[in-house]
Amino acid sequence: MADLHVDLKTEGEVILVYPRGFINAHTVRSFEQILQEQVERKSYRIVINCADLRYISSAGLGALMGVIDEVRENQGDIKLSNMSENIFNIFDILGFTHLYKIFKEEAEALGSFSEAEE
Amino acid sequence: MADLHVDLKTEGEVILVYPRGFINAHTVRSFEQILQEQVERKSYRIVINCADLRYISSAGLGALMGVIDEVRENQGDIKLSNMSENIFNIFDILGFTHLYKIFKEEAEALGSFSEAEE
Amino acid sequence: MGKAIEQGSIEVVIPSDTRYLHMVTNLTRSASLLAGFPKKTCEQMALAVDEAVTNVIRHSYDNQSWHEIQIGFTLTAEALKIDIRHGGVQVDLAAVEKPDLERYIAERRRGGLGLTLMQKLMDRVEFDQTNSLEHECCMWKYRTPHGSPGAKPQPGD
Amino acid sequence: MGKAIEQGSIEVVIPSDTRYLHMVTNLTRSASLLAGFPKKTCEQMALAVDEAVTNVIRHSYDNQSWHEIQIGFTLTAEALKIDIRHGGVQVDLAAVEKPDLERYIAERRRGGLGLTLMQKLMDRVEFDQTNSLEHECCMWKYRTPHGSPGAKPQPGD
Ligand SMILES: Nc1ncnc2c1ncn2[C@@H]1O[C@H](COP(=O)(O)OP(=O)(O)O)[C@@H](O)[C@H]1O
Ligand SMILES: Nc1ncnc2c1ncn2[C@@H]1O[C@H](COP(=O)(O)OP(=O)(O)O)[C@@H](O)[C@H]1O
């Protein structure tokens, strides 16, 4: 099945989210849930590593929009990394590259949180 | 496009054939042609390395059947190697595993020709 | 063999169920690759069709999964035309706010991205505004200058 | 989400052109994965449909690429039924030799593998023998005992 599995990892105060597979209107629920859970447990520093994300539709972008305000109001952020060209293009077309910080590598995204702290 | 590219390599007296992609009724012509050309230029020792062969339908099997007699009448053979499970299953279902020598690795298929010589 | 198809059409009928979305995006990708569009353009068309079909399921059929959606791909020398037909509620473009990404981003709205994406990804998007029982969303991708194979090779081809 | 579809149907219409074969095998693979069949079974169904459609193009339509072929996928609790419909010459099973692989191999025949493969890959294959204008090849794969998801996990799942 063309599905989505979302793995999580904690790195200091940062939550690493690994969506693997396809995010469309059918699979988005689990992605949304994971993001909501972070907000509920007040984990506002989130890195989404897109290395294994093969597809995202507006449903997935909507899930990000659904939590970004609360995250930022609490001095957190959602940063993205390891995007394939296809995924980056979709963010770019919608101007979301100005709305989210997108890094080439996970380590850079992680590092940007500690820099912000200093 | 879902296509087929066939590469060739010469290793001593053996011709190595690398079909890459999909062999179906649409793409089979180029595979057939390459096999015919070997027979025409009297290269009767053929190894087909299936490592990059992702799909084969009966059209492709028919192409093999079209040359195997002439190849064997001339003390040659067509040996296959590096089959994925899917490709092997198709050969197996038709009993073609008894008709063709199938090796795990290219080197074994190559080696089997020199053994036959001794 | 490696030659692209110049004319032809494909028709698909699927249930109005999001479980078929992935299949439809795959089919769209295959059809547009067959038509000879660059890979990147094919990805974009697959997403546009996903968005259009998702909207039909959500808004036209109110998430009821037992209806039918018909998708047609028509290839001509000039363009690939994709039409999505259904018997549900048609989008009322007058009632939908004009996509304004700057405001969208400023307001952090959650939905409303689908139509915007369709319009950005395709060369032309039209909804019929008749009152017939069957409604249609038509999207076009022209072979030139936007997606002509060879004429303007894209990275990742 | 990860749940397989239990009932549903998909219809596709394609031109009788071998250039569409790859798309059709992809579609069949997607549809049967959606239905919850094991990957290996899905591969087999994709190949069976390729063979059936190839035969229609070659034999029913004599390689003329401007005709139509309709393919239907119908999923029930028991089986996935795939029917391939066309308006060309129907296969005359009486005239086709019964597939006899041993003899086939002994005689090194070149063609004649398609029908054999269809029969080996599917649980049941039927051709209508009426004289209507539309002809049909129906193939079934049962969920049990041959392809029940979970019941008999296959390697490579
Ligand atoms: N096929 C459709 N039928 C009816 N209404 C639609 C359709 N597509 C879109 N709409 C309307 O247009 C609005 C914007 O659609 P869209 O940009 O896809 O965002 P979203 O679906 O996330 O709300 C929807 O909220 C809906 O009211
Ligand atoms: N759809 C069809 N319409 C008419 N005749 C067919 C059809 N399918 C198969 N046949 C006949 O059955 C024979 C065996 O078919 P098949 O096993 O697919 O092998 P091949 O197509 O390689 O000859 C064909 O040669 C043809 O005469």
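Keep in mind that this is a model prediction, so the values were computed, not measured. Side-chain atoms are counted along with the backbone in the values below, which use heavy atoms only and exclude waters and symmetry mates.
- Side-chain contact between D:Leu33 and C:Met23: absent, with no pair of heavy atoms (C-beta onward) separated by less than 4.5 Å.
- For C:Gln70, no part sits under 4.5 Å from any heavy atom of chain D, backbone or side chain.
- The local environment of CD in C:Glu68 is sparse, with at most 12 non-hydrogen atoms from other residues, nucleotides or ligands closer than 6.0 Å.
- Of the two parts of C:Phe73, neither the backbone nor the side chain holds a non-hydrogen atom closer than 4.5 Å to a non-hydrogen atom of chain D.
- Contact between C:Pro15 and D:Ser9 at its shortest, heavy atoms only, is CD-O, 3.3 Å.
- At least one side-chain heavy atom of C:Ile10 sits less than 4.5 Å from a side-chain heavy atom of D:Val12.
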